[in-house]
Amino acid sequence: MQVIFAATACLPEGWAQNVRVTLAEGAITQIEAGAVAQPGDTLVDVLLPALANLHSHSFQRAMAGRTEYRAGGQDSFWTWRELMYRFLDHLTPEQYEAIAALTFMEMMEAGYASVGEFHYVHHQPGGAPYDSLAELSLRVMAGAKETGIGLTHLPVLYTYGGAGKQALAGGQLRFGNDTDRFAQLLTEARSAAQELGRDAMVGIAPHSLRAVCPETLGRVLPLAEDKPIHIHIAEQPREVAEIKAWLGARPVEWLLANAPVDAQWCLIHATHMTEDETLRMAQSGAVAGLCPITEANLGDGPFNGPQYLAAGGRFGVGSDSNVRISLVEELRTLEYSQRLRDLARNVLVPGEGSVGETLYLGAAKGGAQALGRDAGRIEVGALGDLVAVDRAHPALFGLPQGQLLDGLCFAGDDHSVSDVWAAGRHMVQEGLHIARDAILAKYRRAITALLASL
């Protein structure tokens, strides 16, 4: 058992002062407002529910800064993708594990308590399987165990190289499985996940409508059981055009009409939607998995935010390519993308209210749903996914409590984070991960070896 004493805490009913939060077996067991700190309590300033990072490809963290050189012609998501394929052809399992650990550590230091790892690199370069089909999933799990982050692992079914059942080629060969082999991989991954904390789980991720077909999608969905289902959808105009030409409907339109999309689902990006698609997606109960920094980096375009939120749509944020891992920057980039498109300020608030509160608490709720975690709030019975921030940080100093989340989202940075708990595991203390030195040393060795192979 451990007890946190917070000078200020954001509870479901609002802000409270002098709050003692008791954690046991990974969950919140007692909350007492107006309390007095006791010897042995962990003292923090402002206590918040920690967010889930709902969409990550951890290996891409090692690519950061390697794709920002313009070659001849117009760069796009599709030219970036070719660079990514060439890069991953050099990754070994040991390097994959070291990169995952570094990425998860950085997420926790930024204030995330959990991650949805959308994992599609399964095989050796050229496509031959490892002795264990789940070898690289096990490496991701090792990184999660070392860092203590809450993991929702999402093995990806990637059967085709493009819309219309195109053959896999090049870097895609490391991704490929049919549904039978994917089912075996999923069984191995779920067995391995039992070695992690009780909060770990394994869902499924049919990669996209261009990487599966209607028949394989129908066969794979029952494998999710009651766990999360994530899918890339409508990220690029070219993708929308190719799916419409093949299946006769736009991606979101087709998915909502042909799959049982509900609160179990997370639709990643959903960038290019019509107003009708936006409304129907919001009504489905699914979560929009938004990755604003990556979407800006890749030139994807902005999400249709105002209409979606006005219709009651649920959302969360993820760091996707991990080119920059910063929780507050994801939230502010989400709002700023709407301002730039609409030539307006304070866009993502239906009606009136705090933009920071709408972004932070909305992403906390939606991210927890997307990862299947009983979290996203400070409440008895919920997982102990918590983050503490320092009100003495220049971005927060002097702000009334009703504007603390505005200050955090729009003026703050990762240095305001002092502590992070993931299902009660106190992994970030005084702003740094408790295993930081060992994780960094392993990462540097792995990158040195990787660079020698490029």
Side-chain angles (χ1 to χ4, degrees), residues 2-23 27-38 41-52 110-114 309 314-317 327-328 330-332 334-335 346 348-369 373-422 424 426 428 431:
Q2 56 181 312
V3 179
I4 305 165
F5 181 87
T8 303
C10 186
L11 305 180
E13 59 271 22
W15 293 98
Q17 312 305 314
N18 301 322
V19 179
R20 294 185 85 229
V21 178
T22 302
L23 304 176
I28 299 171
T29 58
Q30 185 176 358
I31 300 172
E32 181 185 3
V36 177
Q38 301 296 320
D41 288 0
T42 298
L43 305 180
V44 301
D45 196 350
V46 180
L47 191 67
L48 305 169
L51 267 63
Y112 293 110
S114 58
L309 292 190
R314 307 171 191 186
F315 73 96
V317 295
L327 185 157
V328 295
E330 294 289 358
L331 296 174
R332 91 171 53 118
L334 174 57
E335 168 68 20
N346 301 328
L348 288 177
V349 179
E352 300 179 354
S354 162
V355 182
E357 184 173 312
T358 299
L359 291 171
Y360 190 95
L361 298 181
K365 180 179 179 180
Q369 176 183 318
R373 292 179 73 80
D374 187 6
R377 66 199 189 284
I378 304 177
E379 185 175 88
V380 171
L383 282 175
D385 284 3
L386 303 168
V387 60
V389 297
D390 186 358
R391 202 166 180 172
H393 187 280
L396 306 180
F397 185 75
L399 288 176
Q401 64 185 21
Q403 292 185 298
L404 285 175
L405 291 177
D406 291 323
L408 181 65
C409 290
F410 293 100
D413 58 32
D414 302 338
H415 295 104
S416 61
V417 173
S418 64
D419 297 80
V420 175
W421 291 261
H426 192 185
V428 174

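For clarity, every value in this text was computed on a predicted model and none was experimentally measured.
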Donor-acceptor under 3.5 Å (Arg332 side chain, Gly412 main chain): yes
Ile378 versus Leu48, closest heavy-atom pair with distance: CD1-C, 3.7 Å
Ala368 versus Gly376, closest heavy-atom pair with distance: CB-N, 4.0 Å
Atom of Leu327, atom of Ala110 and distance for their closest heavy-atom approach: CB-O, 3.5 Å
Side-chain donor/acceptor of Ser418 to backbone N/O of Ala388, under 3.5 Å: yes
Distance, nearest 0.5 Å, that separates CZ of Arg391 from CD of Gln401: 6.0 Å
Ile28 and Glu379, any side-chain heavy atoms less than 4.5 Å apart: no
Atom of Gln369, atom of Arg314 and distance for their closest heavy-atom approach: OE1-NH1, 2.8 Å
Pairwise side-chain contact, Asp406 with Leu399, heavy-atom cut-off 4.5 Å (strictly under): no
Asp45 side chain near Val389 side chain, heavy-atom distance below 4.5 Å: no
For Val44, the option from Ile4, Val19, Leu386 that meets side-chain contact (heavy atoms from CB on, under 4.5 Å): Ile4
Heavy-atom check, side chain of Val3 versus side chain of Val21, under 4.5 Å: no
The single option from Thr42, Val428, Val387 passing side-chain contact (heavy atoms from CB on, under 4.5 Å) against Trp421: Thr42
Rounded distance [0.5 Å steps], OG1 in Thr358 versus CG in Leu331: 11.0 Å
Interatomic spacing from CG in Leu334 to CZ in Phe315 - rounded to 0.5 Å: 6.5 Å
Polar side-chain atom of Glu335 near backbone of Asn346 as donor-acceptor pair, under 3.5 Å: yes
Nearest heavy atoms of Leu408 and Ser416, plus distance in Å: CD1-OG, 3.3 Å
Side-chain touch Leu396/Val46, heavy atoms, less than 4.5 angstrom: no
Within-4.5 Å side-chain heavy-atom neighbours: Val317 and Tyr112: yes
Heavy-atom donor-acceptor pair, Tyr360 side chain to Pro49 backbone, under 3.5 Å: yes
Distance (rounded to the nearest 0.5 Å) between Thr22 OG1 and Asp41 CG: 8.0 Å
Taking every non-hydrogen atom, the tightest pair across Ala50 and Gly111: CB-O, 3.8 Å
Donor + acceptor pair across side chains of Arg20, Gln38 (<3.5 Å): no
Non-hydrogen side-chain atoms of His415 and His393 separated by less than 4.5 Å: yes
Note, Cys409 side chain near Val355 side chain (heavy atom, < 4.5 Å): no
Results of side chain to side chain donor-acceptor pair (under 3.5 Å) for Asn18 - residues two or more places apart only: none
Nearest-0.5 Å distance that lies between atom CG in Leu405 and atom SG in Cys10: 5.5 Å
